[in-house]
There are 2 protein chains.
Amino acid sequence: MTVDAMLIQIDFKSGKPVYLQVVDQIRYAAASGRLRSGEALPSIRPLAEELRVNRNTIAKAYAELESQGIIETLAGKGCFLKEGATPFKASVREKLLVKEIDEAVVTAHHLQISRKEFLQRVEERLDHFEARAQEIGSKEQNPRNPSSKHTS
Amino acid sequence: MTVDAMLIQIDFKSGKPVYLQVVDQIRYAAASGRLRSGEALPSIRPLAEELRVNRNTIAKAYAELESQGIIETLAGKGCFLKEGATPFKASVREKLLVKEIDEAVVTAHHLQISRKEFLQRVEERLDHFEARAQEIGSKEQNPRNPSSKHTS
DNA sequence: ATAACTGTCCTACTTGCCTATGACAGTTGA
DNA sequence: TCAACTGTCATAGGCAAGTAGGACAGTTAT
C-alpha cells in the first residue's frame, strides 16, 4: 500500500459513482492542504489498480477536476495540482459561490439551525481547513521543486 | 395561469431532472418565507398539468421532500409544509449541516475566495433569506386557519 | 531505438434513473 | 351514495450515466 493509496478511499457500497468520490476527495485534500499547489497527483493507471477500478474511471475524475480548474494535466507527463489563479471570471465565481452558500443556508433553515449557530459552524469549518493547511505547511518544506514540472 | 404556477418554473433545456428542479424550488421557497408553515402545496395533478409533466414526476418530487422532512403528505387530503421540528436527531442534523458547509468552504477555497469575503457573502445570503421572510410575513396575516388541516 | 512510462480516444455493455400510463385507495361535499 | 377530488402503487419504455477494454499518442531515460 503506497502513500497515494491512503489519499483516497472508495466505498463501493455507497451508491455514489466512484469517479465522483475521487473528485470530492481530491477537492477536499487540496482545500485542507494535504495536497500542495503544483504537486503531482498519483498517475492514472497505478491509482486505478490500487483502487481496483478501471483506468477510465480515474481519467474521468481527473477530467472533471480539470474542467473545474483544480488540476492541470499534461499528456505524457502527468497530472498536477494547478498553481495560480482560477480560470473563471468574477461573475462565474460569484454564481458558483452563491449557489453553494445558498444550499447550505437553505439546508440550515430546514434543519432549524439558528443564524448564530450557523455562523459559528461556518467559522469552525473554516478553522478546520486552515488548521490542517497550516500544520502540513510547517511540517515539510520544499520537498520538491515545483517548477521541475515544465522541463520541455 | 394560477398563482401556484408562478411558484415553480421548469427549464426543460437545463438537463437537470424535472423532479429535482421542483424539490429545489420548494426548498428555496420555504426557506425564503414564500411558503408558510402548514400551508397547502399545489396538489399533484393540477401542478403537473400546468408544468406539462407527468403526475408521477411531481409525486416523486413530493416524496423526496417528505423524506427530507420538509413537507407532510396526507393521502386523500393533500400535501402541506411541515410544521414543527425536523424529524432528524441532533447527530444527523450535524452531519447534514457540516457536509453542506464543507462543500461551500471547499468551493470557496478553489475559487480563491478569502475567509473575509466568504464570511461577508454568508452574512449577505442569510440577510437575503431573512429579508424575504420578513417582508412576506408582514404583508398578509392569517390568510387561512393552519389547524383546519386535521379535520378527520 | 527501444522500453516503460504518461494521458487520450473510440467503442460498447449494463445498469439505474427519469419519465409516463393505468389502475387503485382514501377524503370530502352534494 | 355518488362524483370529484386527493395521493399511491405497479409496470414499462427510453436513454443517459457509469464503467470497462483495446488501441493510440506524447514523454523520458536507457
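As a basis for the values below, the full set of heavy atoms in this structure was taken, side chains included, without hydrogen atoms, waters or symmetry mates. Chain identifiers are assigned alphabetically (A, B, ...) following the order of the sequence lines, protein sequences preceding nucleic acid strands; residue numbering begins at 1 within each chain.
Listed by chain and number, the residues in a salt bridge (charged side-chain N to carboxylate O under 4.0 Å, His left out) with A:E64 amount to none (sequence neighbours excluded). Residues forming a side-chain contact (heavy atoms from CB on, under 4.5 Å) with A:S91 (at least two apart in sequence, or on another chain): A:K89. Scored by the salt bridge (charged side-chain N to carboxylate O under 4.0 Å, His left out) test, A:E123 finds B:R115 as partners (sequence neighbours excluded). A search for salt bridge (charged side-chain N to carboxylate O under 4.0 Å, His left out) contacts involving A:K95 returns nothing, not counting sequence neighbours. Every residue two or more places apart in sequence or in another chain was checked for a salt bridge (charged side-chain N to carboxylate O under 4.0 Å, His left out) with B:E66, and none qualifies. For the ring-ring contact (aromatic ring centres under 6.0 Å, His included) test, no residue two or more places apart in sequence or in another chain qualifies with B:Y19. The side-chain contact (heavy atoms from CB on, under 4.5 Å) search around B:T107 returns A:R27, A:E100, B:L111, not counting sequence neighbours. Here B:A31 pairs with A:V106, A:H109, A:H110, B:F129 under the side-chain contact (heavy atoms from CB on, under 4.5 Å) rule; sequence neighbours left out.
At its two ends the helix from C:dA1-D:dT30 to C:dA30-D:dT1 runs along axes set 20° apart, each axis drawn from five pairs and the angle rounded to 10°.
A:V23 and A:A61 make their closest contact through CG2-O, 3.6 Å (heavy atoms, listed as atom of the first residue, atom of the second, distance).
Applying the salt bridge (Lys or Arg N to Asp or Glu O under 4.0 Å) test to every pair with at least one member in residues 7-18 of chain A, sequence neighbours left out, gives these pairs: A:K16-A:D24.
Distance CG (A:N54) to C1' (D:dG22): 11 Å, rounded to an integer number of Å. D:dA20 atom P lies 11 Å from atom CG of A:L51, rounded to whole Å. Rounded to a whole Å, the CZ atom of A:F12 is 15 Å from the P atom of D:dG18. One atom, NZ of B:K16, and another, P of D:dA16, lie 19 Å apart when rounded to the nearest Å.
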Would you tabulate the pairs of protein nitrogen or oxygen atoms and nucleotide nitrogen or oxygen atoms of nucleotides 14-18 of chain C closer than 3.5 angstrom?
unit_1	atom_1	unit_2	atom_2	d
C:dC18	OP2	B:Y19	OH	2.9
C:dC18	OP2	B:K60	NZ	3.4

A correct 5'-to-3' footprint of nucleotides 1-13 of chain D, with B, S and - meaning base, sugar-phosphate only and no protein heavy atom under 4.0 Å, is -----BBBBB---
